[in-house]
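Written below as structure tokens is the structure these notes are about.
Positions are given from 1 along the sequence.
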Amino acid sequence: MSTTQPAAAGTAPKKTPAKLVFAAPRRGKPPRHLADLTTAERRDAVAELGEKPFRADQLSRHYFARLVDDPAKMTDLPAAVRERLVSELLPSLLTPVRELDCDGGTTLKTVWKAFDGVLFESVLMRYPDRATMCVSSQAGCGMNCPFCATGQAGLTRNLSTAEIVEQVAAGARALARGRIPGGTGRVSNIVFMGMGEPLANYKAVIGAVRRITDPAPAGLGISQRSVTVSTVGLVPAIEKLAAEDMSVRLAVSLHAPDDELRDDLVPINNRWKVSEVLEAAWAYADRSGRRVSIEYALIKDVNDQGWRADLLGRLLRGNLVHVNLIPLNPTPGSKWTASRPEDEREFVRRLEAHGVPVTVRDTRGREIDGACGQLAASTRD
């Protein structure tokens, strides 16, 4: 890894790009679920089953508004009708195979097993003023970032829209039923920062965002402004997301301000360079009116030098942006580790000197394999 300033243009040795996997391996599809479908598609599906279309509205009310997962409690549906509709449109998608909590029970990390046995994670984090769900969009990841446990595992498959939505619904049920300390509550924020590259599973992720944010009973009724979609920098997909005219926040996992280092830390940079990624991010900010989050994992003696903070500050200043500095949560056996506290403080100071707003992220879950992909990997092992 480069820890000195980049060499002059034309003098750097040619690098062989790391292998990136955009297309997920072909596997069997998850069963169709209500959350995969729009309101109109749900009514059509019910009609195809020989039932009145309004039954779709009843199912939607139970799943999205009342957070019911026990068919016996859907008493407005006749028993015979209920059994068939639940079997066809509310199949069980995810099975929790491991749960760990910390922070007095207010952080809950779950490993889910899907119908085909693949494992992925979600995290529910309750704070005094909000409750955030961090969800996975893929089982594994094909972006091959060397400091990320998920990236090193490779990509198994994309998750379906309903598999993504069910992670949020499960968290919502846990809060509504008082399972999380602090009394009953509701999910207020969603971050697509779990396993996978969200924009590499574009269609399912956009479908999930719409199910999550559509007003109940069409969806869970969470504000689009409370949803963050992250990416390592798939420029065409960022441009496509801007064209959706949604108000979700875009988070760009940058991790280095210079192409020389970012080519190694985030291999997608071999295809779309820092300048191209930031140009697409600023275009998204202009169109959506939302501040872009720049995610930057601070790695000891790798990307935490003062001159890199200055370079980052010069790249970002004057734009609608906020930097989230992330103390790296090292994975077992990894050579990567978090920056020294004094280097972290100096990085913050330099960014602020450039007028760039910056926050050091609260690192919850270290004692429960908190880094993305750690718990699923240890469960699989």
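In this structure, the side chain of Arg84 engages the main chain of Leu49 through a donor-acceptor pair within 3.5 Å. Formation of a donor-acceptor pair under 3.5 Å by the Asp304 side chain with backbone atoms of Ser339 is not found in this model. Put simply, the side chain of Asp103 never gets that close to the backbone of Thr106: no donor and acceptor are under 3.5 Å apart. Side-chain atoms of Arg55 never come within 3.5 Å of backbone atoms of Val46 as a donor-acceptor pair (strictly under, hydrogens ignored). One N or O on the side chain of Gln167 and one on the backbone of Ser136 form a donor-acceptor pair closer than 3.5 Å. Side-chain atoms of Arg42 come within 3.5 Å of backbone N or O of Ala218 as a donor-acceptor pair. Checking side-chain atoms of Arg308 against main-chain N and O of Pro257 turns up no donor-acceptor pair under 3.5 Å. Thr110 places no side-chain N or O within 3.5 Å of a backbone atom of Trp112 that could act as its donor or acceptor partner. A distance-only check finds a donor-acceptor pair linking the side chain of Asn303 to the backbone of Ala297 [under 3.5 Å]. Checking side-chain atoms of Asp263 against main-chain N and O of Glu260 turns up no donor-acceptor pair under 3.5 Å.
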* Show your working on side-chain contact (heavy atoms from CB on, under 4.5 Å) between Met133 and Ser122 and close with a plain yes or no. => CA-CA 7 Å; Met133 280 295 309; Ser122 66; 4.0 Å; yes
* **salt bridge (Lys or Arg N to Asp or Glu O under 4.0 Å) assessment of Arg349 paired with Glu352** => CA-CA 5 Å; Arg349 187 193 69 77; Glu352 290 178 338; over 6 Å; no
* **From CA spacing to verdict: side-chain contact (heavy atoms from CB on, under 4.5 Å), Tyr63, Val165** => CA-CA 11 Å; Tyr63 183 78; Val165 173; 4.2 Å; yes
* To do: Just do the side-chain contact (heavy atoms from CB on, under 4.5 Å) check on Glu197 and Leu199 with the steps written out, would you?
  => CA-CA 6 Å; Glu197 160 56 45; Leu199 295 189; 3.3 Å; yes
* Asked: Would Gln58 and Met74 count as a side-chain contact (heavy atoms from CB on, under 4.5 Å) if you check the C-alpha gap in whole Å, the side-chain angles of each, and the deciding distance to 0.1 Å?
  -> CA-CA 9 Å; Gln58 291 176 303; Met74 302 178 186; over 6 Å; no
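Here the CG atom belonging to Leu119 is positioned 10.5 Å from the OG1 atom belonging to Thr95, to the nearest 0.5 angstrom. Rounding to the nearest 0.5 angstrom, the gap separating the CZ atom in Arg126 from the OG1 atom in Thr132 is 11.5 Å. To the nearest 0.5 Å, atom CG of residue Leu311 and atom CG of residue Leu261 are 10.5 Å apart. From Leu100, atom CG reaches atom CD of Glu121 across 10.0 Å, with rounding to the nearest 0.5 Å. Annotation: the span from Asp101 atom CG to Thr107 atom OG1 amounts to 8.5 Å, rounded to 0.5 Å. Expressed to the nearest 0.5 Å, how far NE2 of His322 lies from CG of Leu351 amounts to 10.0 Å.
Put simply, the side chain of Met193 reaches to within 4.5 Å of the side chain of Glu295, judged on heavy atoms. A 4.5 Å side-chain heavy-atom check between Thr38 and Arg211 finds at least one atom pair inside the cut-off. Leu298 has its side chain out of reach of Asp343: every pair of non-hydrogen atoms, C-beta onward, lies at least 4.5 Å apart. Proximity of Val277 to Val235: side-chain heavy atoms (C-beta onward) are separated by under 4.5 Å at one or more points. Residues Val168 and Ile222 have side chains in contact (heavy-atom distance under 4.5 Å, counting atoms from C-beta outward). Contact of the Val266 side chain with the Leu254 side chain is not registered, since no non-hydrogen atoms from C-beta on lie closer than 4.5 Å. In this structure, the side chains of Val356 and Leu312 stay at 4.5 Å or more apart for every pair of heavy atoms. Looking at Leu278 and Ile294, their side chains come closer than 4.5 Å, going by heavy atoms from C-beta outward.
For the pair Arg340 and Asp301, the salt-bridge criterion is met [side-chain N within less than 4.0 Å of a carboxylate O]. Under the 4.0 Å criterion applied to side-chain N and carboxylate O atoms, Glu276 and Lys273 are not assigned as salt-bridge partners. Under 4.0 Å is where a charged nitrogen must lie from a carboxylate oxygen, and between Arg173 and Glu166 at least one such pair does. A salt bridge is absent between Arg32 and Glu41; no separation between the charged side-chain nitrogens and carboxylate oxygens falls under 4.0 Å. Salt bridge absent: Asp36 and Lys29 never bring a charged side-chain N and a carboxylate O closer than 4.0 Å. Between Arg157 and Asp116 there is a salt bridge, with a side-chain nitrogen of the basic residue lying less than 4.0 Å from a carboxylate oxygen of the acidic one.
Taking all atoms of both residues into account, the shortest heavy-atom contact from Val274 to Asp258 is CG2-C, 4.3 Å. Here the shortest heavy-atom pairing between Thr156 and Val118 reads CG2-CG1, 3.6 Å. Of all heavy-atom pairs between Gln138 and Gly196, the closest is OE1-CA, 3.3 Å. Closest of all the heavy-atom pairs between Ala338 and Pro327 is CB-C, 4.4 Å. For the pair Val205 and Phe192, the tightest heavy-atom approach, listed with the atom from each and the gap, is CG1-CE2, 4.0 Å. Taking both residues in full, the closest heavy atoms of Pro181 and Gly105 are given as CD-O, 3.4 Å, listed atom of the first, atom of the second, then distance.
Clustering ILVMFWY residues whenever any of their side-chain heavy atoms sit less than 4.5 angstrom apart, transitively, puts Phe115 in a cluster other than the one holding Leu89. By the rule that hydrophobic residues join a cluster once side-chain heavy atoms approach within less than 4.5 Å of another member, Leu315 and Val348 end up as members of one cluster. Under the 4.5 Å side-chain heavy-atom criterion for ILVMFWY residues, no single connected hydrophobic cluster contains both Ile326 and Trp336. Put simply, Trp272 and Ile238 are part of the same group of oily side chains (I, L, V, M, F, W, Y) that touch within less than 4.5 Å, one to the next. If you chain together hydrophobic residues whose side chains sit under 4.5 Å apart, Val232 and Trp282 fall into the same group.
Pairs of residues two or more places apart, or lying in two chains, never qualify as ring-ring contact (aromatic ring centres under 6.0 Å, His included) while including a residue from residues 68-91. For residues 222-267, the set of pairs meeting the ring-ring contact (aromatic ring centres under 6.0 Å, His included) definition, not counting sequence neighbours, comprises Phe147-His255.
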Under 3.5 Å, sequence neighbours excluded: what are the donor-acceptor pairs made by side chains of residues 243-252?
from, atom 1, to, atom 2, distance (Å)
Glu244, OE1, Arg210, NH2, 3.0
Glu244, OE2, Tyr202, OH, 2.8
Asp245, OD1, Arg287, NE, 2.8
Asp245, OD1, Arg287, NH2, 3.4
Asp245, OD2, Arg287, NH2, 3.3
Ser247, OG, Gln224, OE1, 3.4
Arg249, NH1, Arg291, O, 2.7

